Amino acid sequence: MALIDPYGDRFRRLLVAVAVLAILGGIATAGAYAADPSTATPDPVAYDDTVELGLSSETDELMAGSARVPRLQVFYSQLQYVVGYNGVESFVATIDDGRTERQFGYPLVVYVETFDGGNPGVTDDGRFEAERSTDWIPANEASYVVDSTARSPAGETVVPFAERTNAEAFTAEHGGHVLDWAAVRERSFDVDSPATVRSMAPERWAEADRRIADAETSATGQSSNEVVVGRDAPTIGTAIEAAPPNATVVVPAGTYEETVVVNESVTIVGDGARIRGDGNGSVLTVRASNVTLSGLTVDGVGNETRDPEAARESAGGDDDEGWDTNIQLGYGHGDAGIRAIDAPGLLVDDVTVETNASGVLLRDGSDAVIRDLRVDGSDDWRDGFMGVVGIESRVTVTDSRFEGGRDGVYLHRADGSVVRNSTFVGNRYGTHLMYTGDALIADNRFRNAEFGGITVMTRPSGNAIVGNDVRDSGAGIQASGTRAYVGYNTLANGRLGFSTSSRGSLYEHNVAVDNEVGAHATTVVPSSRVVANDFVGNDRHAKAGAGALRVWADDGRGNHWEGANVGLHEPGERAYRPTEPVDAVLHHETAAAAVRESPGAVLLDRLHGTVPGARSGSVVDPSPAPEPYAPERIAAARDPDSAVHPDWRRELGSTSPRRGALDGGSTTGATDTMNPHYRHTTEATDVTEDRRSTIRLRTTDAEGIR
Amino acid sequence: MTGTPGETGGIERLRGHFLVVAAVFRRELATVLRTPGYGVLPVGLLALLGGVIAVGGGAATGFVPAVVDLLLVTEVVVPLVAFVLGYRALLVDAETGELAVIRTYPVAVAGYVAGVVLARVLAFLAVVVVPYAAIGGVVWATAAPDTTIFATHSGIDSPLLYVRFLGLLVPFGMAYLSLATAVSAVVSSRRAAVAVGVLAFVVAVLGSDLAILRALATGTAPSAIPGLLALTPNGAFRGLVFEGVIGVAFAPDGGFVDVGRAVGSLLVWTVSGVAVSTATLAYGDRLEVVIEAVRTRIVD
């Protein structure tokens, strides 16, 4: 019984139909060869919808004024996402690199924004400025001004124009000369890389040493006049009023129930002295430069963590700027043990603050050195606030301890700050940076941070996070931004080791031990290097969010993954894919090794890694390291009594000698259980792009303010 | 209609040839349709390809990664299916004596072979190209970016590239089908057909590439690779897929294979398979006589 009778009439018609179909198929195939997909030219998109690489647009400098960085958008052959570049030169630098082309394919089309009608110029401090950009045009049709006086925060900047005459008009006024696209592509630009940030990390440490030394000098230099509280004046307040400038106010042991305002440059030295506020507002307010506070304990701080008026005033603004203002007004105006307003040169040394609001609040250029500060915050972070709040102030924190409260150190627009050698226990976030770039967070210990040890939000640039030891926390390090250096950190026993949220960054020599997830690849378009990290004992070594395949290796040097050696191959010979089901369990389950040797798995191994830009949601390390890079830190990470601080300054070529290592005392943290809502929030923050994380954060923090 | 008697006779003769081919074609198609095993092939192939796509993951993002995932499997499966479709094509009629009966009619051997091969090619299109096309449809329907918070574009990825891939499957499969048909003409029993077919399959799929590797190891200039690669059906097919489909994503200038030679090679393989079949059917008996004569002379 045949379904179709080959000798029937219908069959003849069927044959004709098949013949027609075959001819059509032939024509279609011929057409497919005639058309050339590599010349496809998609139209430019709204820049906000691109995945942004290159310079950060959220540095303080760019947000504050009219300065601009000319932008590009690039459509790569293998990448589904449109990549935006801040700075023509940052794109040109990636062409030289070759790495981008391997990962994303070649650029199909490049668009550049031009400034013909945007009244382009140069600001007083040499930045390129324009009222607006006029048009997106294909890069090879534009004319470019190079070597002009216009600079970007990262150095030389190239200014594109649609019309050559407009470009020449610009050079007439601001110097430089006009090149076409081919010539611009051939140039090499000195663009800052995360390696620059790495090399600067020891220098920042040394800079912090200098700041501390400077603060000490100005403090000791003031001690010619002494006013003793109790002998020369009845209260601390009257003593300060009585003291001549640069005098020392000595506070003998005892409890002083008063709130103090410091309007003069004095040194206040206590010896077992406790200043107790009335439970309203801040206890000590500093409104003068070069003030030193030393040997004091402060309590009786008010409960107002933020200024509720401020939150209400700016509630209407939903854009980033409105939110930023909201935070500055709100966070900058809460109660604190010590509050400094426009007080540069402040030294807080050997001070303890017991508070349910903030410990030390610095704003309006209160560039302070904080040493040996101890802040005891609320047991539940929702009841308290920050150990140190720094807003628009360059803060140096060293050898301090922050227990409980919301965030240990919260810095907002505090470029160049340094947080080092400190201990954080039972905070929400240990150290939390917003709009803060060029900072150094080094050699700190974090324990039991509910959300995470170190978090950097918004898109700052050039932060160095080095040598920290984070354990038992929601996440070790979640740093957004660009050009960050995350190295030599030890991240153990948490829900997440580190995320690679910062773009164009370098993640190296980190150790992720016994976490639920070792590392989380978050950015949609991979642009960072992740090399020489050790992953041991994690439930899952790595997890990848949406986006192109991440290749975690550099020049044949990969990461160490426990389990990658298992099997019949030479250690390090076979690619390891921590996000694939079989590879992910090699270190748990012996039988996985047998599955891995199946022809199917071998076949898949071969396939992965080809056209990486067009693949998605996974991580591959083509050359896993057979041996751990830092076995001693892996062992130490499992010893609850040790704090691990590798000698990164020597390895990164430090010039300053290493100070004494921190005491190795054990830390115990509050065992708070986490509210499911907030748990969800942190995870969502981590999964998505930092752009969205800002929005998430905004919701949580806005909730906090209300 | 005007014309010299000679021309009219030529057209008539051509028409006669066509009718013969058409009759054989139809008969062969009936054979194919009545072989239940062939119905299972496309289903099995679809399942296999679907599995490769699902595990490989490339299809989730686009056509080019899907083709990358499919390439290796295709290089094995397409020749295999071609052999399954062809290894008995000319053998059965010869075995049963039907060919001898057919030859009593005015049917040229070439016409007979052409009819059989054409029917088998149509079967091949249905069994192989249709499942591949279906997979293409799946990719087209499901491939999407992971996230839509950013602007996306398809890069060079386009259904056109998959159509190119489908287009390449046809000459590749035809080369093997023609080879398989030649095998079916040469051998004299079903068992021999299986044995020779497997041998030819392994030699063609693996051996030719091994020969290239061997040639390189013994000092052949690397610049000869594009030319050498084009010589074997697998090499020519792989080279063309790189040139026209995958390579577009990372090397728009191409240079993976000598295109003219690769296309020519696939055609030559196809034509020579048909030629061998025809020659064997036409002169095989006489050849046997000659061989037998030689044999007896040597043995005696």
Side-chain angles (χ1 to χ4, degrees), chain A residues 2-7 11 15 18 22 25-26 28-33 35-40 42 45-46 48-51 73 75-82 101-102 104-106 108 524-525 545-548 600 603-604 606-608 610-611 613-618 688-689 691-692, chain B residues 22 25-34 39 51-52 55-58 60-69 71-73 122 125-126 129 133 143-168 170 244 246 248-252:
Chain A
L3 286 171
I4 308 163
D5 172 18
Y7 294 98
F11 187 67
L15 270 186
V18 167
T29 312
Y33 277 91
D36 186 358
S38 64
T39 56
V45 299
D48 283 347
D49 291 337
T50 66
V51 179
Q73 48 181 280
F75 295 73
Y76 283 102
S77 64
Q78 291 178 31
L79 194 67
Q80 295 175 309
Y81 303 98
V82 185
E101 179 145 347
R102 273 200 303 283
F104 307 156
Y106 56 89
L108 281 173
V524 167
V525 170
L603 179 70
L604 281 177
R606 208 194 81 120
L607 298 177
H608 281 264
T610 50
V611 285
R615 295 199 175 266
S616 85
S618 46
T688 50
E689 278 294 305
R691 175 163 69 149
R692 288 216 318 208
Chain B
F25 171 73
R26 189 171 269 216
R27 174 176 174 276
E28 188 65 20
L29 216 51
T31 311
V32 169
L33 284 171
R34 284 166 186 163
V52 169
V55 181
T61 43
F63 291 100
V64 172
V67 171
V68 170
D69 285 2
L71 182 59
L72 195 147
V73 175
L122 189 62
L125 289 179
V129 178
D146 296 346
T147 167
T148 50
I149 46 172
F150 296 102
T152 54
H153 68 112
S154 52
I156 48 87
D157 202 54
S158 129
L160 286 183
L161 292 176
Y162 197 79
V163 172
R164 287 183 175 188
F165 178 65
L166 289 182
L168 289 174
V170 177
I246 300 173
V248 178
F250 53 87

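So you know, we letter chains A, B, ... as the sequences are listed, proteins then strands, and number each from 1. Note that the coordinates shown come from a computational prediction; the quantities given were computed from them, not determined experimentally.
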Undergrad: Which bit of B:L166 is near chain A, if near means a heavy-atom gap under 4.5 Å: side chain, backbone, both or neither?
TA: neither

Undergrad: Quick check on B:F63 against chain A: is it the side chain, the backbone, both or neither that has a heavy atom closer than 4.5 Å?
TA: neither

Undergrad: Checking B:V73 against chain A: side chain, backbone, both or neither under 4.5 Å from a heavy atom?
TA: side chain

Undergrad: Can you name the residues that form a side chain to side chain contact (heavy atoms under 4.5 Å, CB included) with A:T29, not counting sequence neighbours?
TA: A:Y33, B:V163

Undergrad: In sequence, state the C-alpha distance, the side-chain angles, and the governing distance for B:L125 and A:V18, and then conclude on side chain to side chain contact (heavy atoms under 4.5 Å, CB included).
TA: CA-CA 10 Å; B:L125 289 179; A:V18 167; over 6 Å; no

Undergrad: With a 4.5 angstrom heavy-atom cut-off, could you sort out which part of B:L122 is near chain A: side chain, backbone, both or neither?
TA: side chain

Undergrad: Can you tell which part of A:V45 gets under 4.5 Å to a heavy atom of chain B, answering side chain, backbone, both or neither?
TA: side chain

Undergrad: Side chain from CB out, backbone as N, CA, C, O: work out which of these in A:F75 comes under 4.5 Å of a heavy atom of chain B, or both, or neither.
TA: both

